[in-house]
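Structure, as structure tokens:
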Amino acid sequence: MVRRWCRTFNDRRQQVEDIPRAGWTHTATTDANVGKVDDMIRANRHITIDEVAEELGISHERAQNIIHDILRYRKVSARWVPRQLTSTHQEQRMAVSLEHLVRYHDDGNDFLFRIVTGDETWVHHFTPESKAASMEWKDPSSPV
């Protein structure tokens, strides 16, 4: 049977392409909707698929298809969780800070030049309610 199928398809007597059939057309995946979704995500990186679908009046599946397959956005966790300091840690930080203040008042700017720091870090402040709320959309071309 397999040999017969191979002969049939190799001789090009049988069409192997899917024939068009009646069914639900994907009218929600239009250039206008793709542009609107892209604008919505760029305006609010924390927007959910359900919010996009509701605002555009399309199904969750179509909104997900536009976001993931067409626009190629991926959700990444943007949550920055500060460590909870114990009272001992807070006291140590206070003592070190006071020591630095005293040394700055004694030595002036010379004291600042002796401090070694690491790389500069910029932190965007956003207080999410949960990890899921902290997820944001990332474009494939955006930096890591």
Side-chain angles (χ1 to χ4, degrees), residues 1-3 5-6 8-10 12 14-144:
M1 187 65 170
V2 173
R3 259 189 254 149
W5 288 340
C6 289
T8 304
F9 291 123
N10 284 337
R12 306 259 187 239
Q14 186 73 19
Q15 185 177 2
V16 292
E17 290 152 10
D18 197 11
I19 58 173
R21 58 186 183 272
W24 189 295
T25 60
H26 301 293
T27 57
T29 311
T30 62
D31 291 337
N33 279 348
V34 171
K36 288 177 187 176
V37 170
D38 193 30
D39 292 341
M40 290 168 65
I41 290 175
R42 289 182 188 274
N44 178 10
R45 296 262 181 196
H46 300 282
I47 196 166
T48 64
I49 294 175
D50 288 330
E51 290 170 349
V52 170
E54 184 178 325
E55 188 159 329
L56 294 179
I58 60 177
S59 69
H60 177 91
E61 179 191 19
R62 288 293 98 210
Q64 184 175 9
N65 177 267
I66 290 171
I67 292 170
H68 287 285
D69 299 337
I70 297 173
L71 294 174
R72 318 252 336 134
Y73 281 110
R74 297 287 178 252
K75 273 275 191 161
V76 295
S77 179
R79 187 174 185 188
W80 178 68
V81 181
R83 296 181 183 193
Q84 299 295 325
L85 297 178
T86 64
S87 59
T88 308
H89 291 133
Q90 290 174 348
E91 290 170 7
Q92 288 174 345
R93 278 190 170 200
M94 182 64 109
V96 169
S97 298
L98 287 174
E99 183 183 331
H100 283 138
L101 264 173
V102 169
R103 290 182 68 186
Y104 176 72
H105 287 300
D106 293 343
D107 299 340
N109 284 339
D110 292 336
F111 167 70
L112 295 177
F113 292 120
R114 289 186 299 215
I115 296 177
V116 178
T117 61
D119 290 341
E120 187 173 299
T121 302
W122 290 80
V123 178
H124 171 73
H125 178 71
F126 173 71
T127 308
E129 296 175 10
S130 65
K131 183 176 179 181
S134 75
M135 301 288 275
E136 70 179 36
W137 293 107
K138 177 190 169 295
D139 192 281
S141 62
S142 59
V144 179

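On a predicted model such as this, the values are computed, not experimentally measured, just so you know.
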If I compare all heavy atoms of [X] with all of [Y], which pair ends up nearest, and what's the gap?
X	Y	result
Ala63	Val52	CB-CG1, 4.2 Å
Leu56	Asn33	CD1-O, 4.1 Å
Glu51	Met40	O-CE, 4.4 Å
Lys75	His46	NZ-O, 4.2 Å

Distance, nearest 0.5 Å, that separates [atom1] of [X] from [atom2] of [Y]:
X	Y	atom1	atom2	result
Asn44	Asp39	CG	CG	13.0 Å
Asp139	Leu71	CG	CG	8.0 Å
Gln92	Met94	CD	CE	13.0 Å

Checklist entry - Taking the six-membered ring for Trp, are His100 and Phe111 ring centroids under 6.0 Å apart? => result yes

Checklist entry - Strictly by modelled atom types, are Asp50 and Thr48 linked by a side-chain donor-acceptor pair under 3.5 Å? => result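 Checked: Asp50/Thr48 side chains show no N/O donor-acceptor pair below 3.5 Å.
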
Next on the checklist: Can you tell me how the ring of Trp137 sits relative to the ring of Tyr73, calling it parallel under 30°, perpendicular over 60° and tilted otherwise?
Outcome noted: perpendicular

Checklist entry - Can you check whether Val34 reaches Asp38 side chain to side chain, under 4.5 Å on heavy atoms? => result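 Not in contact.
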
Checklist entry - Is the number of heavy atoms from other residues, nucleotides or ligands under 6.0 Å of Glu54 CD greater than 12? => result no

Next on the checklist: Taking atom CZ as the centre, does Arg74 end up with more than 12 heavy-atom neighbours from other residues, nucleotides or ligands that are less than 6.0 angstrom away?
Outcome noted: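 More than 12 within 6.0 Å, yes.
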
Checklist entry - Which of these, Ile66, Ile67, Asn65, sits in a side chain to side chain contact (heavy atoms under 4.5 Å, CB included) with Asp69? => result Asn65

